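Just below is one structure, and these are the notes that go with it.
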Amino acid sequence: MNKTININLGGIFFHIDELAYQKLKRYLDAIRKSLSDDPQGRDEILNDIELRIGELLSERIVNERQVINESDIDEITKIMGKPEDYLVDEELFEDQQNYRPTSSSKKLFRDNEDKFLGGVCAGLAHYFGIDTLWVRILWLILVFSFGTGILIYIILWILIPVAETTAEKLQMKGEPVNISNIERKIREEFQDVSSRVKDGVNSATERVKNPEFKRNVENRAKSGIQEIIDTLGKILITIFNIFGKLIGALLIFIAAITLIALIFGAFSWGSIEMLGFGNDYVHYPPFFFDSVIPTWLLLVFTFLAVGIPFFVLFMLGLRILSNNVKSFSTTTKLSLLGVWIIALLGLGFAGINFATQKAYDGVYNQTEDILLTPTDTLKIKMVGDENLSNRKELRRNYGYESVYDKDIQKLYSTRVYVDIKTTDKENAFVKIRKESEGNNRLTANKDAESIEYQFNLNDKNLLLNGYFLSNFKNKFKDQSVDITIYLPVNTIIYLDNSTRSFLNDVDNIQNIHDRDMPKNYYKMTENGLECLNCNEAIFGDDYKEKNGSFNLKLDENGLKIKVNDNDKNAEVNIDETGITID
């Protein structure tokens, strides 16, 4: 039967039997003796050791009445370290064998010594074994991209405890919490504090010995305003430092996003082209087309021209956040500058080359006769090719489409303009004007001539292509096709609804807008087309003011025209019996 003793160890009460107490006391006395030659920090080291032993013993206590025995003390001393590492008598622990310090499991704490705000990033860096700078960069990305980083940081700031004691600082870094490490850690802290105090004292001593120091003291004593100004200056400097850190973080974020986008874009372009998809999925800038510089080289120039400045900004942001980041060497700076200038010159040359390709306008004209008799009614219709284009509706627009005609990539464009005019000639004809731009007149004319456009007359139906084909490299040469249909006087035509978006300022007597002209019959006069069956509502205001009201009705009984011109009223009926005028 052993006597039990109540002890206070690290602020925790324990019931311990007398033999275990004696063994623990001898262990602590041995440690104290090992530190007796250097009393600096001894009390703090012993307090941390007792606190750590108390934590280890509390982990073994199941209930409040449990008594600490010798086996518990043996386990604790194994964890805390070998007594022979300290200048103690080994006979005190002859019954202990094989002492091996047990590695302490790493715990998550906030690092109060390496903090920007609350030490959360530094604590996470210690826990995961990475550099603190990368954790802070990752946190900034979360803050600016997802918006939840600030809330998560505040929650972690509240939940994660700060590493205050030496044992907690060792656990934070995953180092075993034993006597050797505790002593080493505390001695390092004392040496750091001592060196700073010593430097401060030396600096203060030199300043006091300096004759100017006395004058400065007298001046400061005379003026309390100067102290206020100095304090405000320190506050402003602190604010500017914080603002600088934010600027550095913003530079890192913007530069990182840009560089990632550039790398992803370069990889995507290269992968897509290697897979053979080509221009169906890759859209290059205008100056990439028909350039004397290869496309792959222009891509490299673009990547370098944009990437190098943002890479420099990224490194600048790192230097603002951390003084440990080294600056570029002179050789590296000059190399980056030289490569960047070469990339800019290459892109500049490509841009100038692209501008010269649009310097001249080229034209190619083509004229074809239309065989009609005076009694024929010419029907005009726009047609497309479903095998070439994927567009559901044929209409004029300023876009383009990449198509393949007989396995050859071509430019598909609907920039086709249709006009109808009168002619003094006896026969109708069509004039096709093809336009293009080029770096000289001859090249522009050849590019215009190369435009592929067709039309045909099929049983009094004039079928005009609502599109044209061209070489794909001419994508940005502003190519177009103007079609002008010349008709003799008294020729009657019918405009199909497909012509609605292709008509281009067609002259007509009733001043009808181009989009309202389709689906009606017209007669060519010396002054332009005259609608034979249009609703009066689509007539222009100028025409109505000059000619009064005009009503036209076409049904199964025939054509009825009623004119009301204030002083005169007339009605014309055209039916199977003939023409009657009232």
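Just so it is clear, the structure is predicted and the values come from calculations on it, not from any experiment.
Side-chain atoms of Asp507 do not come within 3.5 Å of backbone N or O of Gly528 as any donor-acceptor pair. Within the 3.5 Å criterion, the main-chain N or O of Ile160 finds a donor-acceptor partner in the side chain of Arg110. Remark: the backbone N or O of Pro518 is paired with a side-chain donor or acceptor of Asn520 at under 3.5 angstrom. Using modelled atom types, no side-chain atom of Glu401 and backbone atom of Ser389 make a donor-acceptor pair closer than 3.5 Å. Remark: the backbone N or O of Thr373 is paired with a side-chain donor or acceptor of Asp376 at under 3.5 angstrom. Distance alone, capped at 3.5 Å, is enough to place a donor-acceptor pair between the Asn535 side chain and the Ala537 backbone. A donor-acceptor pair under 3.5 Å is formed between the side chain of Asp514 and the backbone N or O of Val506. With hydrogens and angles ignored, the 3.5 Å screen pairs no side-chain donor or acceptor of Tyr521 with any backbone N or O of Thr377. For the pair Lys410 (side chain) and Leu469 (backbone), a donor-acceptor distance under 3.5 Å is absent. Distance alone, capped at 3.5 Å, places no donor-acceptor pair between the Arg441 side chain and the Tyr360 backbone.
Phe303 has its side chain out of reach of Val300: every pair of non-hydrogen atoms, C-beta onward, lies at least 4.5 Å apart. Residues Leu246 and Leu250 have side chains not in contact (no heavy-atom distance under 4.5 Å, counting atoms from C-beta outward). Within the 4.5 Å cutoff, no side-chain heavy atoms of Glu435 are placed close to those of Asp361. Between Ile538 and His513 the shortest side-chain heavy-atom distance does not fall below 4.5 Å. In this structure the side chain of Val481 reaches within 4.5 angstrom of the side chain of Ile483, judged on heavy atoms. Annotation: side chain of Gln409 is in contact with side chain of Ser402 (closest heavy-atom distance under 4.5 Å). Proximity of Trp340 to Leu344: side-chain heavy atoms (C-beta onward) are separated by under 4.5 Å at one or more points.
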- Task: Take Ile130 and Val135 through the side-chain contact (heavy atoms from CB on, under 4.5 Å) test and state the conclusion after the steps.
- Result: CA-CA 8 Å; Ile130 58 178; Val135 178; 3.4 Å; yes
- Evaluate the criterion side-chain contact (heavy atoms from CB on, under 4.5 Å) for residue pair Phe468 and Arg415; output intermediate values, then yes/no. CA-CA 8 Å; Phe468 64 84; Arg415 295 187 62 187; 4.2 Å; yes
- Item | Full working for side-chain hydrogen bond (donor to acceptor under 3.5 Å, both in side chains) between Asn527 and Thr525 | CA-CA 5 Å; Asn527 298 321; Thr525 67; 5.2 Å; no
- Start with the C-alpha distance between Val416 and Leu464, add both sets of side-chain angles, then the distance that settles side-chain contact (heavy atoms from CB on, under 4.5 Å), and finish with yes or no. CA-CA 10 Å; Val416 178; Leu464 303 172; over 6 Å; no
- Task: For side-chain contact (heavy atoms from CB on, under 4.5 Å), just list the numbers for Leu495 and Ile420, CA-CA rounded to whole Å, side-chain angles, deciding distance to a tenth of an Å, and then say yes or no.
- Result: CA-CA 11 Å; Leu495 296 178; Ile420 304 173; 3.8 Å; yes
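When all heavy atoms of Ile451 and Lys434 are compared, the closest pair comes out as O-NZ, 2.8 Å. What you find for Ala444 and Glu437 is that their closest heavy atoms are CB-C, 3.9 Å. Heavy-atom minimum distance, Phe310 versus Ala255: O-CB, 3.1 Å. Heavy-atom minimum distance, Ile512 versus Cys531: CD1-CB, 4.0 Å. Residue Ala343 comes nearest to Ala305 through the heavy atom pair CB-N, 4.0 Å, listed as atom of the first residue, atom of the second, then distance. Here the closest non-hydrogen pair linking Leu487 and Met524 is O-CG, 3.7 Å.
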Only distances under 3.5 Å count here; give the side-chain donor-acceptor pairs of residues 378-385 to other protein atoms, sequence neighbours excluded, each with its distance to 0.1 Å.
unit_1, atom_1, unit_2, atom_2, d
Asp385, OD1, Asn387, N, 3.0

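With values rounded to the nearest 0.5 angstrom, Ile341 atom CD1 is found 10.0 Å from Ile308 atom CD1. To the nearest 0.5 Å, atoms OH (Tyr453) and CD (Gln366) are separated by 10.0 Å. Atom CD of Glu452 and atom CG of Asn465 lie 11.0 Å apart (nearest 0.5 Å). Here Cys534 contributes atom SG and Phe539 contributes atom CZ; the two are 5.5 Å apart, rounded to the nearest 0.5 Å. Of the inter-residue distances, the one linking Ile408 atom CD1 with Asn471 atom CG reads 9.5 Å to the nearest 0.5 angstrom. Between Asp447 atom CG and Lys477 atom NZ the span is 4.0 Å, to the nearest 0.5 Å.
Defined by atom type and a distance below 3.5 Å, a donor-acceptor pair is present between the side-chain atoms of Asn397 and Thr414. For Thr422 and Glu526, the side-chain atoms include no donor-acceptor pair closer than 3.5 Å.
More than 12 heavy atoms of other residues, nucleotides or ligands sit less than 6.0 Å from atom CG of Asn497. Heavy-atom neighbours of Tyr127 OH from other residues, nucleotides or ligands within 6.0 Å: at or below the threshold of 12.
Partners of Thr443 according to the side chain to side chain donor-acceptor pair (under 3.5 Å) rule, which considers only residues two or more places apart in sequence or in another chain, are Asn439, Asn440.
The side-chain contact (heavy atoms from CB on, under 4.5 Å) with Tyr486 is formed by just one residue from the set Asn427, Thr423, Thr491; it is Thr423.
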